[in-house]
Undergrad: 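Sending over a structure as structure tokens; questions will come in a sec.
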Amino acid sequence: MRFVCRAQQHKGFTLKTYFCTSNFYLMIEQILIGKTKEAVKSLYQLDASLAQIQLQNTRKEFAGDITLVVFPFTKVSRKSPEATAAEIGDYLQANVAEVESYNVIKGFLNISIKKEYWINFLTENYTIDQFGFQQTNDNQPIVIEFSSPNTNKPLHLGHIRNNLLGFSLSRILQAAGKNVVKVNLVNDRGIHICKSMLAWQKWGNGETPESSGLKGDKLVGKYYVIFDKQYKEQIATMVADGAIPEDAAKKAQLIIEAQQLLQKWEAGDEEVIGLWKKMNGWVYEGFAKTYKTLGIEFDKTYYESQTYLHGKELVEEGVQKGVYTRRADGSVWIDLSAEGLDEKLLLRSDGTSVYMTQDLGTATQRQKEYNPEQLIYVVGNEQEYHFQVLKVVLKHLGCAWSDSIYHLSYGMVELPAGKMKSREGTVVDADDLMQEMFDTSEAMARELGKIESFDDDEAKNLYRTIGLGALKYFILKVDPKKNMMFNPSESVDFNGNTGPFIQYTYARIKSVLRKAEEANFEFTTLQSGDLLPQEKELLKKIHDFPAMLIQAADMHSPAVIANFAFELASEYNRFYHELTILKEENLPSRGLRLCLSQFTAMVISNSLWLLGIEVPERM
RNA sequence: GGCCUCGUAGCUCAGUGGAUAGAGCAGCAGCCUUCUAAGCUGCGGGUCAUAGGUUCGAAUCCUAUCGAGGUCACCA
């Protein structure tokens, strides 16, 4: 179970500057890195490492486009930062055709790139739909597990963060050229589902999703809650009669019956298996609806009922090999004190499996099936210890590939009232939350008078697109590893740094583009004048996209893309506000701005796609 | 108690050893006869938890302290 009761690192890279080629274009950063290497070799006989060549975008308050930090070279140049920067600047200006000029401020070499480079960059890329995306390779895949629900209750806000992170990351990795396999692991067996089954047998009166109109997962969840309530009452009664609370919890009739149900299940009792299949079937129907609404899908779904036995075999294998030890009571353990961890249980004394057991099974199975480059688990940070142990336990079994396991450990979602607790009714249900978002976006659209020309289907689709855009962006813009605050009533907004803001920018651009096409305006980058500051800033922001994608993939962080998308949209809105496009009388300028607009729309759309967010043509 | 995270503006968050720490929200003041105002512009708002250290340079790395959370089950 990846989720326990409530909803719910790495520093893998040091390379400062991300550089890459788009499919059809050599980016200026790559050229400058190569030539800077040459420059310091020629000037100071230094073989510079990539870490020493620090390029960054020039801050807006200074002249220039790209800045080289020259402090790392002052040791070998034995000159002041200013003099060093000037020497390197001279070299670059003489040897790089794209360099227009430079200026030096303290140890910062601010390089201005020629207009021709920028125009050429625009011309070469603005019609390339997949600008910045890498071709997917057929190498070893990356297998990414996310969602991982239990079948005894509906999906909630914690699952939403998990699903959005997993799904977005899989798209980011795919766009970065990786061969990605998305897998789900459903915890369909165990005492939790038996509790729901027992309560349904006792108090269900044959209720089904059809008879009650309740969504399947909600119905099963309802009986889980009923079990818990009745169980607590039994305990209370027993305690009132003088029992010790701990004993009562173990000896209450209901929990005994649930355990018997589990034993029957493990023994393959036909009636129990039949009920189990029926109720899980309801849950899967419910989950499928939620996933569909959320826009999440998987390449493959694993079920713990089919993998836990494999885990048991592996533990036996470990005992045979002598790497795990069986105690007198029959339980199996591994001693990890040499690794600075504790002793860990792998199999109970009664022979039943624990959490770790099935994870050994699923990991090994995936390894055999895919031989992946990396095995990613999107699971909350409360389970960091579990995955740490999992890797070591596998290693003891001789699985060298356990190093390829990567736990994407994300922070908890907190509510203003504190943690979500299902038993206290403070869980934010996934379906309810999405519906609220749809309702809010409808109310907003009506209030703003945005949908007068929309038919019903179009309008409904728009509420869905925007509501989901707001929710997904709100969650994904936060660094995955950090805990985040979710305030349902206030936090999800439609203005400012939000999904709808970015979607709106896209719709705005599309409106301009439609009008330009109707009027048969020419899209052209051939123009004589200089790029205006607004045009250039926008183009430079777009130019950053390929590097941002690589950074996001490297850091396993959709937040990088989210923040980029916001900055790009903001930049476009400024451009849009300060310059006219359709009414521009200078035709080359008009053509250029149309190309810029088209390019921006494409990159916004691709960025949001990486986050699993759709864009509306009108809003 | 051991181990692991986190602490940046009133709130939610960016900031991966580099320049004067940035956004959004909230507050205040402007901008629709003009390509979509779900937009744009301006103002105010900071002991980057605290104290040391490393470095040419620290919100960022190290140490300690304080505060918050997580984890250390024959739970998952």
Side-chain angles (χ1 to χ4, degrees), chain A residues 1-5 8-9 11-16 54 56 58-59 61-62 67 69-72 74-75 81 105-108 110 150 187 190-192 304 329-333 340-342 344-350 352 354-356 358-359 380-386 388 409 411-412 414 419 441 444-445 447-448 450 466 470 474 477-479 481-487 490-491 493-498 500-505 507-516 551 554-555 559-560 562-563 566-567 570 573-574 576-584 593 597 618-619:
Chain A
M1 181 194 311
R2 304 303 192 205
F3 289 84
V4 190
C5 292
Q8 287 257 95
Q9 233 43 89
K11 285 238 168 182
F13 84 109
T14 50
L15 196 59
K16 172 78 193 164
Q54 298 178 30
Q56 52 189 253
T58 303
R59 295 174 65 119
E61 59 264 39
F62 304 111
T67 295
V69 183
V70 301
F71 291 109
T74 52
K75 258 186 195 145
I105 296 173
K106 293 195 266 180
F108 299 91
N110 301 323
N150 304 332
N187 182 216
I191 192 72
H192 53 87
E304 282 191 19
D329 64 1
S331 58
V332 177
W333 294 76
L341 306 170
D342 304 319
K344 193 75 192 173
L345 177 82
L346 299 177
L347 213 55
R348 292 194 189 97
S349 54
D350 66 1
T352 57
V354 291
Y355 187 41
M356 187 61 69
Q358 68 81 24
D359 252 333
N381 61 14
E382 61 197 351
Q383 294 190 39
E384 271 170 14
Y385 184 69
H386 172 76
Q388 211 180 332
S409 167
M412 293 186 306
E414 287 160 3
K419 281 180 201 158
S441 62
M444 194 73 81
E447 191 185 314
L448 294 170
K450 291 283 184 182
I466 293 174
F474 184 80
K477 76 175 174 183
V478 181
D479 182 347
K481 69 183 185 203
K482 290 192 175 172
N483 289 355
M484 65 173 291
M485 176 62 64
F486 188 90
N487 186 332
E490 295 166 22
S491 291
D493 205 343
F494 291 78
N495 300 310
N497 187 357
T498 66
F501 168 88
I502 301 166
Q503 291 172 316
Y504 173 74
T505 307
R508 227 181 189 187
I509 298 173
K510 292 303 278 195
S511 170
V512 171
L513 295 179
R514 275 192 301 271
K515 285 180 179 165
Q551 187 183 347
D554 231 339
M555 294 176 70
V560 171
N563 286 310
F566 172 67
E567 286 172 18
S570 303
N573 279 325
R574 198 167 307 132
Y576 177 93
H577 184 260
E578 291 176 13
L579 303 174
T580 59
I581 303 167
L582 297 174
K583 289 183 178 153
E584 174 57 51
R593 289 174 200 164
S597 296
R618 298 195 294 155
M619 72 180 271

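Reckoned from all heavy atoms, side chains included, excluding hydrogens, waters and symmetry mates. Lettering follows sequence order; numbering is per chain, from 1.
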Undergrad: Whom does B/U20 pair with, Watson-Crick or G-U wobble, provided both distances fall under 3.5 Å?
TA: none
Undergrad: Classify the ring geometry between A/Phe566 and A/Phe501 as parallel (under 30°), tilted (30 to 60°) or perpendicular (over 60°).
TA: tilted
Undergrad: How do A/Ile191 and A/Ser441 order along RNA chain B: which one's closest nucleotide is nearer the 5' end?
TA: A/Ser441
Undergrad: Given 3.5 Å as the limit, does a donor-acceptor pair link the side chain of A/Arg618 with the main chain of A/Ser511, or not?
TA: no
Undergrad: For A/Ile466, report the nucleic acid contact type (base, sugar-phosphate, nothing); a contact means any heavy atom under 4.0 Å.
TA: base
Undergrad: According to the Watson-Crick and G-U wobble definitions, with both distances under 3.5 Å, which nucleotide is paired to B/U71?
TA: B/G2
Undergrad: Can you check whether A/Thr67's main-chain N or O pairs, donor with acceptor, with A/Asn110's side chain at less than 3.5 Å?
TA: no
Undergrad: Regarding A/Phe71, tell me which of base, sugar-phosphate or nothing describes its non-hydrogen contacts under 4.0 Å with the strands shown.
TA: base
Undergrad: Write down the protein N/O and nucleotide N/O pairs, taken from nucleotides 4-6 of chain B, whose separation is under 3.5 Å; answer none if there are no such pairs.
TA:
unit_1 : atom_1 : unit_2   : atom_2 : d
B/C4   : O2'    : A/Glu384 : OE1    : 3.4

Undergrad: Any donor-acceptor pair, under 3.5 Å, between the side chain of A/Thr498 and the base of B/A38, if you only look at N and O atoms?
TA: no
Undergrad: Write down the protein N/O and nucleotide N/O pairs, taken from nucleotides 31-37 of chain B, whose separation is under 3.5 Å; answer none if there are no such pairs.
TA:
unit_1 : atom_1 : unit_2   : atom_2 : d
B/U34  : O2'    : A/Lys583 : NZ     : 2.8
B/C35  : O3'    : A/Lys515 : NZ     : 3.1
B/C35  : O2     : A/Ile581 : N      : 3.3
B/C35  : O2     : A/Leu582 : N      : 2.8
B/C35  : N3     : A/Ile581 : N      : 3.1
B/C35  : N4     : A/Tyr576 : O      : 2.4
B/C35  : N4     : A/Leu579 : O      : 2.4
B/U36  : OP1    : A/Ser511 : OG     : 2.7
B/U36  : OP2    : A/Lys515 : NZ     : 2.7
B/U36  : O2'    : A/Tyr504 : OH     : 2.4
B/U36  : O2'    : A/Arg508 : NE     : 2.9
B/U36  : O2     : A/Lys450 : NZ     : 3.0
B/U36  : O2     : A/Met619 : O      : 3.3
B/U36  : N3     : A/Met619 : O      : 2.6
B/U36  : O4     : A/Ala507 : O      : 3.4
B/U36  : O4     : A/Met619 : N      : 3.2
B/A37  : OP2    : A/Arg508 : NH2    : 2.5

Undergrad: Syn if the chi torsion is within 90° of 0, anti otherwise; quick check, which is B/C32?
TA: syn
Undergrad: So which one's nearest nucleotide on RNA chain B is more toward 5', A/Phe501 or A/Asp329?
TA: A/Phe501
Undergrad: Closest to the A/Tyr385 side chain: B/U71, B/C13, B/A23?
TA: B/U71
Undergrad: Considering every strand shown, what is the Watson-Crick or G-U wobble mate of B/A49 when both distances are under 3.5 Å?
TA: B/U65
Undergrad: Please tell me which of the listed nucleotides, B/G18, B/C74, B/C72, lies nearest to the side chain of A/Trp333?
TA: B/C74
